[in-house]
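This report concerns only the one structure given below.
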There are 2 protein chains.
Amino acid sequence: MAVVKVTMAQVAREAGVSLSLVSLAFRDAYGVSEKTKEHILATAKRMNYQPNTVAARLARKADDTLGVFLLDLRNEVFVDMFDGMRASATEAGRELVLSVGSTGGELDRGALDSLIRARVDVAVAAGLLLPDEVLAKYRGRLRLVSVARVVPGFDSVDCDNRLGAALATQHLLDLGHRRILHLANRPSDGYLERRIGFEQTVRAAGLTPWVIDVDYSRDAAAAAIGPILDSALDSAQRPTAVLAHNDQMALGVLDALHERGLRAPHDLSVAGYDNTTLSRTPGIALTTVDLHAVDLGRQAAELAIWRSANPDEPVVVKTSTPTLVVRGSTGPPAD
Amino acid sequence: MAVVKVTMAQVAREAGVSLSLVSLAFRDAYGVSEKTKEHILATAKRMNYQPNTVAARLARKADDTLGVFLLDLRNEVFVDMFDGMRASATEAGRELVLSVGSTGGELDRGALDSLIRARVDVAVAAGLLLPDEVLAKYRGRLRLVSVARVVPGFDSVDCDNRLGAALATQHLLDLGHRRILHLANRPSDGYLERRIGFEQTVRAAGLTPWVIDVDYSRDAAAAAIGPILDSALDSAQRPTAVLAHNDQMALGVLDALHERGLRAPHDLSVAGYDNTTLSRTPGIALTTVDLHAVDLGRQAAELAIWRSANPDEPVVVKTSTPTLVVRGSTGPPAD
DNA sequence: GTGAAAGCGCTAACAT
DNA sequence: ATGTTAGCGCTTTCAC
């Protein structure tokens, strides 16, 4: 299990050229004759040489590495975003350093610090949970592009969540629902838009919004909706439809229904948010809002790359438009 | 968006001490008086200093960084493994460098090379697809701990897939099934055990194994099973049960059933493999085999850490035991 | 307990 | 086109 580490200097010696030539040959290759370049690359290959990116990143003054923070790999929407980021990073020939939030605890805090320690040029962050004022402390220390959340003072690529929630809510209203419950995430900076979109739309229909805050998780959503389904209240007071903050939480609602022998949309219409592959699964068929996560990821990485070349331009906020995807989990109310 | 980079030298100057003291203070702290240590840490904090891990890794002779390769973030089993890896890496205070396979193309090839370039001490790899002989070329260049696949010449943490497949198959046999189809992955080094476990168990019951090779994906599985469901053959020749290579592919089978207005287990019993959270979803409720992915990840990272301290010990192969999880997607045959 | 100095393996001027 | 040399920001002897 001994490991041999080949250095550039060894390749240079073996090839009978100077260090810098090898360095050049492995990069732009301008100013290196085609012949020596081939010779160098050939010897390098024969020696199984792989350039040391750690040393390269240290030596390179302006670092061109992109950092990525993802809140949670279990929520596929972040994986979608990552795919998009990687696509544009690859096209631009940028390295990517991944940092994943650990569930619970100081999630993003540690992850952002680790990106600073890794001295990434720009960090693309999806699922930042820290309040605006805490993030503000990162200004001047880390260039940040926030995905799917607007953070004052930083670049961001957002999707109009207010609109998305409005679309889903209107869909439920159009189906005839009047008692619609919104399972919202706990109020926090940058993540209030879905709630607002819901409330505005419900009010516009002359109804009073009904919102419950729930922790961001499938199980928490199931636990929250359970008592409501069980309540001995006059059924006229129970919701006929639920809009969940995201697909994961919508899944929790389905879990709770299933435990009670109920099902969507017959006993309750259920709508989610994110359009993860979960939602297209038969037996789930979740009506949901597509925020085009892959595309958001692409754009965020592109913005990050642009930013590293334009450090002095003012903050950029891009916003895209979500789409409603109607599937089988929503339908007219039973009564 | 200008970013200020604080260096250790600046902290040293500001604190009025030498570089080495700052370096020491940030690590073991042996040989630094409690007083100066506190003073240094305080100034560092005031200056928002974060140690540069890139420089640190270059300077440190023996690198203690763990590399991680994951084939695919969309398969939750890899995320489970990652959770386990991170848990033990964190406990041991090791840095983690993540490399994710891109779907399609030279998946692991590039990812492994990138871990070599990052000069990780040991790489923990989940979902290696390269044939044994290609991986053999990495000997002497990269220390590898393979998860859920045995690779000759390298350390590995495996789960007895032959047994797992046998458990699932026996379960189907016990239910009374006689025409069981195994949707296997394409034969490749290290991933034949499930197939073998299936075949052995079916033969032991005096039956002839029925196996179809399918690409590793939900859609491919759906496409493969579709024609079989549609076949105008005498129903006596259609399968009454399917064992899929993993949960993703089992989901593809459910997709195909659903498209045709059929359902499990009534029209076809379906069993998967991996016990991802997908499988516990109501409306899916997949019978599956739990290979305890989080635990595999933990053990793999622990083995990797042990290996970096014991480079000369012989290759280690650990094997754990999977568990059958029976849910609603399997039942007695209809006829 | 503390400081000085020599690298780690590259990149990027700057020479030639 | 090619070679020389000075760092990049740390860690790590080795003196004091």
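Here is how names work: the chains are called A, B, and so on, in the same order as the sequence lines, proteins then strands, and each is numbered from 1. In this text the structure is predicted, and so the values were computed from the model without any measurement.
Protein atom CD1 of B/Ile40 is 13 Å distant from nucleotide atom P of C/dG1, rounded to whole Å. Across the protein-nucleic acid pair, A/Lys35 atom NZ and D/dT2 atom C1' stand 13 Å apart, rounded to whole Å. Atom pair A/Arg27:CZ and C/dG9:C1' shows a separation of 12 Å (rounding to whole Å applied). Counting to the nearest Å, the P atom of D/dG9 and the CZ atom of A/Arg57 are 13 Å from each other. B/His39 places its NE2 atom 16 Å from the C1' atom of C/dG1, with the value rounded to the nearest Å. Taking atom OH of A/Tyr30 as the reference point, atom P of D/dT2 lies 16 Å away to the nearest angstrom. Straight-line distance from the CE atom of B/Met8 to the P atom of C/dG3: 14 Å, rounded to whole Å. Between A/Arg13 atom CZ and C/dG9 atom C1' there is a gap of 13 Å when expressed in whole angstrom units.
A salt bridge links B/Arg74 with A/Asp80: the distance from a Lys NZ or Arg NE/NH1/NH2 to an Asp or Glu carboxylate oxygen falls below 4.0 Å.
Contact detail for B/Ala300 and B/Val147: the closest heavy-atom pair is CB-CG2, 3.5 Å. Taking all atoms of both residues into account, the shortest heavy-atom contact from B/Leu291 to B/Val77 is CD1-CG2, 3.9 Å. Contact record, B/Ala304 with B/Val124: CB-CG2, 3.7 Å, taken as the closest heavy-atom pair. The minimum heavy-atom distance linking B/Leu130 with B/Leu135 is given by the pair O-CD1, 3.6 Å.
Counting non-hydrogen atoms under 4.0 angstrom, B/Ser33 reaches the backbone sugars and phosphates but no base. When heavy atoms are screened at a 4.0 angstrom cut-off, B/Val54 is found touching no nucleic acid atom at all. Nucleic acid contact class of B/Tyr49 (heavy atoms, under 4.0 Å, all strands): sugar-phosphate only.
When the nearest nucleotides of DNA chain C are assigned to B/Gly31 and A/Pro51 by heavy-atom distance, the more 5′-ward of the two goes with B/Gly31.
Residue B/Thr53 places none of its side-chain N or O atoms closer than 4.0 Å to OP1 or OP2 of D/dC10. Between D/dC8 and A/Arg119, no contact under 4.0 Å exists linking OP1 or OP2 to a side-chain N or O.
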Between the protein and nucleotides 6-8 of chain C, which nitrogen or oxygen pairs come in under 3.5 angstrom?
| residue | atom | partner | partner atom | Å |
| --- | --- | --- | --- | --- |
| C/dC8 | O2 | B/Leu58 | O | 3.4 |
| C/dC8 | O2 | B/Ala59 | N | 3.3 |

Under 3.5 Å, which protein N or O atoms sit close to an N or O of nucleotides 13-16 of chain C? Give each pair with its distance.
none

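Of the listed nucleotides (C/dG3, C/dT11, D/dG9), D/dG9 has the atom at the smallest distance from the side chain of B/Asn52.
For B/Phe26 and B/Tyr49, the ring centers are positioned less than 6.0 Å apart.
Put simply, the side chain of A/Arg307 gets close to the backbone of A/Glu313: a donor and an acceptor are under 3.5 Å apart.
With rounding to the nearest 0.5 angstrom, the CG atom of B/Leu303 is 9.0 Å from the CD atom of B/Gln299. Atom NZ of B/Lys5 is separated from atom CZ of A/Arg119 by 7.0 Å, given to the nearest 0.5 angstrom. Rounded to the nearest 0.5 angstrom, A/Ser99 OG and A/Leu71 CG are separated by 11.0 Å.
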